Amino acid sequence: MERKFGMEKFVIRGGKPLCGVVDISGSKNAALPILAATLLTEGVVTLHNMPVLSDILIMCEILESLGCRVNFLGNDCIQIDTRNLNNQTVSYSLAGRLRGSFLVMGPLLAKTGYVSISMPGGCPIGARPIDLHVKGLTALGAEIVNTGGSIIARADTLKGTKIYLDFPSVGATENIMSAAVLAEGETVIENAAVEPEIVDLANFLQKMGAEIGGAGTDTVTIMGKTSLMPAKFSVISDRIEAGTYLALAAATGGQITVRNIFPDYVKPLTAKMTEMGIDLTVCKDSITVKSDGTHHAVDIKTLPFPGFPTDMQAQMTALLTVSSGTGIVTETIFENRFMHASELCRMGASIKVAGRSAVIEGKKALTGAKVKATDLRAGAAMVIAGLSARGDTEISDIYHIDRGYVGMEKKLQSLGAEIYRTKEN
Ligand code: UD1
């Protein structure tokens with residue numbers, strides 16, 4: 001499998017309104033737990049609308065390391081053949097490259113009774129512990145040992161039970177759901193995450209024959225089965241990619257239609273954009289932003305769905321740097337998610353970060369500069385800033401952006417953007 005890492009940068013000439021139509025790809029955060037959940041069955045699973053991104057390729061490498069065969073069919077279809085599953089250990093060299101690697105823990109444990117996985121490690125946006133995953137799987141009857149570098153879980157049988165999550169963690173809800181589908185009896189997850197990606201995972205598990213009720217509400221009920229069958233499934237579109245292009249249209253004063261989306265899933269964002277005075281036309285599966293570049297600042301607080309998504313915080317911070325007035329952004333999900341602030345300040349933004357809040361004083365325009373993508377969404381924020389700024393911007397470390405945006409520069413070029421990928425010197 002080809003992996004496109006290496007030191008590359010984006011070179012952007014900003015200040016041009018972007019116009020056109022952009023098709024949104026499949027959701028990375030829905031695709032990762034679904035790929036992991038293919039381990040629950042024996043046979044060939046066909047997944048459509050898959051975003052072929054570096055994070056997805058790493059998850060595929062993990063599945064291959066466990067004995068699965070992975071076939072790429074066309075641009076967005078992946079087939080996983082799980083019939084040769086013959087390994088239950090995920091190595092550090094793979095787990096360390098992807099936080100979401102931990103999502104194989106529930107399915108592998110439920111299917112084989114054993115899993116050993118290297119700790120996914122820290123992450124630039126915060127510590128990201130896994131205690132809720134461990135607590136949930138332990139409640140299902142797993143014996144779990146943390147050896148320091150790895151987590152080892154064993155269970156002859158998993159038994160359904162009631163699990164209350166202290167926080168509605170997306171990953172923990174997914175891991176517990178994907179284990180409980182093969183447990184004996186009924187599992188009830190209370191204070192479960194309600195993100196659209198949970199609903200998509202439940203839809204996929206149901207296609208494989210699982211019995212799940214309440215996905216998308218805070219109480220998910222799962223009646224365990226003895227086995228699941230292979231299925232064909234199409235992953236939902238990426239609400240964060242959609243939101244990024246909507247913010248971009250507003251920041252550059254252009255007109256962009258994002259297609260292939262569920263407008264309800266981006267409502268927490270579109271509600272804020274409407275509050276900012278941005279003109280939006282919402283249709284059945286598309287949204288159009290028409291902007292003359294004027295919008296006013298608002299306050300934003302990130303929260304679990306249906307609150308404002310933390311994964312759109314950096315992009316909206318970039319938009320607020322060119323809004324009129326002062327906005328306060330409060331990040332409640334991750335403890336260290338303002339690294340884009342200092343990069344935006346290099347472009348002339350006025351941002352003061354204090355603890356979990358950032359105060360952003362809007363300017364007429366930013367000025368191009370050399371900056372870096374400090375993480376995935378921070379990288380998207382720098383692209384928005386660079387395309388709206390006067391002059392030239394260079395964004396380094398764009399491998400972060402490649403983790404979550406399919407063909408970003410190509411999609412942007414089709415909207416009229418002057419953006420090029422080139423090797424870093
Ligand atoms: C998922 C998304 C990520 C998004 C996040 C919140 C994927 C692959 N990633 O991440 O893009 O930003 O949801 O919407 O889907 N926590 C604990 N203990 C745990 C688990 C989580 O304390 O066992 C904390 C985390 O440190 C964080 C908060 O809960 O502060 C939210 O994390 P969680 O919802 O689990 O996010 P992820 O599933 O890691």
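These numbers come from a predicted model, not from an experiment. In each ligand, atom 1 is the first atom listed, and ligand 1 is the first ligand listed.
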For atom 20 (C) of ligand 1, which of A172, P168, P129 has the closest heavy atom?
P129

Residue-ligand contact [X]/ligand 1, heavy atom below 4.0 Å:
X: R337; result: yes
X: G100; result: no
X: H133; result: yes

Is [X] salt-bridged to [Y], going by a charged N under 4.0 Å from an acidic O?
X: E361; Y: K352; value: no
X: E42; Y: K111; value: yes
X: R337; Y: D311; value: yes

Mind checking whether [X] contacts ligand 1 via backbone (N, CA, C, O), side chain (CB onward), both or neither, at a 4.0 Å heavy-atom cut-off?
X: D131; answer: both
X: I333; answer: both
X: L132; answer: both
X: F305; answer: neither
X: S169; answer: both

N or O pair under 3.5 Å between [X] and ligand 1:
X: N29; answer: yes
X: D311; answer: yes
X: L32; answer: no
X: F167; answer: no

Just which atoms of ligand 1 are under 4.0 Å from any heavy atom in G171?
35 (O), 38 (O)

Within ligand 1, which atoms have a heavy atom of T310 less than 4.0 Å away?
6 (C), 12 (O), 14 (O)

For the pair N49 (side chain) and S234 (backbone), establish whether a donor and an acceptor sit closer than 3.5 Å, ignoring hydrogens and angles.
no

Backbone of E190 reached by a side-chain donor or acceptor of T219 within 3.5 Å:
no

For atom CG of N75, is the number of surrounding heavy atoms from other residues, nucleotides or ligands below 6.0 Å larger than 12?
no

With a cut-off of 6.0 Å (strictly less than), are more than 12 heavy atoms of other residues, nucleotides or ligands near CG of N86?
yes

Just do the side chain to side chain contact (heavy atoms under 4.5 Å, CB included) check on M119 and I130 with the steps written out, would you?
CA-CA 9 Å; M119 291 290 284; I130 48 159; 3.7 Å; yes

Show every salt bridge (charged side-chain N to carboxylate O under 4.0 Å, His left out) that has at least one partner inside residues 134-151, sequence neighbours left out.
K135-D166

State, yes or no, whether a side-chain contact exists between K225 and V181 at a heavy-atom distance under 4.5 Å.
no

